[in-house]
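Quick notes on the structure that follows.
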Amino acid sequence: QMQLVQSGGGSVQAGGSLRLSCAASGFTYRRSCMAWFRQAPGKEREGVAAISASGGVRYYADSVKGRFTISQDNTKNTVYLQINSLKPEDAAMYYCAGLYGGSGCPSVPLEISFGAWGQGIQVTVAS
């Protein structure tokens with residue numbers, strides 16, 4: 001069974017840090033790109049970070065540059081999102097997503113490009 005299972009998340013004070021994890025299992029195709037998306041109430045889902053399978057290509061949305069870091073451990077088939085200096089506007093449901101069978105990451109991660117999704121995990125920022 002192909003699945004992406006997320007962990008981490010929770011409620012953190014503004015200015016604090018958090019690490020999200022996403023473990024992949026059961027995929028038979030080669031992973032080409034992993035990404036993190038987020039969706040706040042009443043807003044569209046947006047891609048905030050992406051990393052190619054080799055780790056050589058990384059994307060960050062302007063709103064998170066310098067605060068978010070995407071990384072991966074290919075031996076564990078796990079991708080991480082380190083979130084630092086949390087802001088109230090970072091509060092959202094966060095989703096990891098996988099692109100399998102392609103070639104690298106799209107220049108900008110869009111929902112339509114990713115066929116595998118995690119269950120989502122809530123990040124709340126307490127002021």
Side-chain angles (χ1 to χ4, degrees):
Q1 180 181 1
M2 299 181 293
Q3 58 180 358
L4 298 177
V5 179
Q6 297 178 224
S7 60
S11 181
V12 180
Q13 291 283 332
S17 298
L18 202 62
R19 190 175 83 156
L20 309 181
S21 300
C22 174
S25 63
F27 291 89
T28 55
Y29 289 96
R30 183 181 60 86
R31 184 178 79 250
S32 57
C33 183
M34 293 294 292
W36 287 94
F37 289 76
R38 69 183 181 185
Q39 188 168 21
K43 294 188 176 181
E44 293 186 354
R45 192 172 297 187
E46 63 168 338
V48 296
I51 185 169
S52 61
S54 67
V57 176
R58 304 189 191 202
Y59 164 90
Y60 295 100
D62 288 343
S63 58
V64 307
K65 282 181 181 176
R67 301 187 300 116
F68 287 23
T69 302
I70 189 169
S71 62
Q72 62 192 356
D73 184 340
N74 288 335
T75 65
K76 297 180 180 180
N77 286 324
T78 300
V79 65
Y80 306 96
L81 186 68
Q82 178 67 40
I83 305 174
N84 296 327
S85 302
L86 270 160
K87 300 178 179 181
E89 53 263 41
D90 294 323
M93 187 71 79
Y94 283 72
Y95 300 88
C96 66
L99 196 167
Y100 288 80
S103 57
C105 286
S107 56
V108 177
L110 299 176
E111 277 190 86
I112 195 172
S113 300
F114 293 82
W117 290 85
Q119 80 276 18
I121 200 158
Q122 185 70 43
V123 172
T124 303
V125 182
S127 56

> Under 6.0 Å from the CD atom of Glu89, do we count more than 12 heavy atoms belonging to anything else shown?
Replying inline: yes

>> According to disulfide bond (SG atoms under 2.5 Å apart), does anything in residues 47-78 pair up with another residue at least two apart or in another chain? List the pairs.
In response: none

> Got a sec, which pairs hit salt bridge (charged side-chain N to carboxylate O under 4.0 Å, His left out) with one end in residues 2-13, sequence neighbours left out?
Replying inline: none

> At their closest point, which heavy atom of Ala40 faces which heavy atom of Ala91, and how far apart are they?
Replying inline: CB-O, 3.8 Å

>> To the closest 0.5 Å, what do you measure between CD1 (Ile121) and CG (Leu18)?
In response: 8.5 Å

>> Run the side chain to side chain contact (heavy atoms under 4.5 Å, CB included) test against Thr69 and tell me which residues pass, sequence neighbours left out.
In response: Tyr60, Gln82

> Is there a path of hydrophobic side-chain contacts, each under 4.5 Å between heavy atoms of I, L, V, M, F, W or Y residues, that connects Val48 with Tyr80?
Replying inline: no

> What are the two closest non-hydrogen atoms of Leu86 and Gln13, and how far apart are they?
Replying inline: CB-O, 4.3 Å

> When rounded to the nearest 0.5 angstrom, what is the spacing between OH in Tyr59 and NZ in Lys65?
Replying inline: 7.5 Å

>> For residues Phe37 and Val79: do they belong to one hydrophobic cluster (side chain heavy atoms under 4.5 Å, members Ile, Leu, Val, Met, Phe, Trp, Tyr)?
In response: no

>> Hydrophobic clustering (ILVMFWY, side-chain heavy atoms < 4.5 Å, transitive) - are Phe68 and Ile70 grouped together?
In response: yes

> Out of curiosity, does Tyr29 fall in the hydrophobic cluster containing Met2 (side-chain heavy atoms, cut-off under 4.5 Å, transitive links)?
Replying inline: yes

>> To check you understand the geometry: which heavy-atom pair defines the closest contact between Val123 and Gly9, and what is its length?
In response: CG2-CA, 4.3 Å

>> With salt bridge (charged side-chain N to carboxylate O under 4.0 Å, His left out) as the rule and sequence neighbours excluded, what pairs involving residues 15-29 come up?
In response: none

>> Going by side chain to side chain contact (heavy atoms under 4.5 Å, CB included), name the residues that satisfy it together with Ala14, two or more places apart in sequence or in a different chain.
In response: Val125

Show me the donor-acceptor pairs, under 3.5 Å and distance only, between side chains in residues 93-118 and residues at least two apart or in other chains.
| residue | atom | partner | partner atom | Å |
| --- | --- | --- | --- | --- |
| Tyr94 | OH | Arg38 | NH1 | 3.1 |
| Tyr94 | OH | Asp90 | O | 2.7 |
| Trp117 | NE1 | Phe114 | O | 3.0 |

>> Testing Gln119, Met34, Gln72 one by one against Cys22 for a side chain to side chain contact (heavy atoms under 4.5 Å, CB included), which residue passes?
In response: Met34

>> Testing the basics here: between Lys76 and Thr78, what is the closest heavy-atom pair and its distance to 0.1 Å?
In response: O-OG1, 2.9 Å

> How long is the span from the OG atom in Ser25 to the CG atom in Asn77, to the nearest 0.5 Å?
Replying inline: 8.0 Å

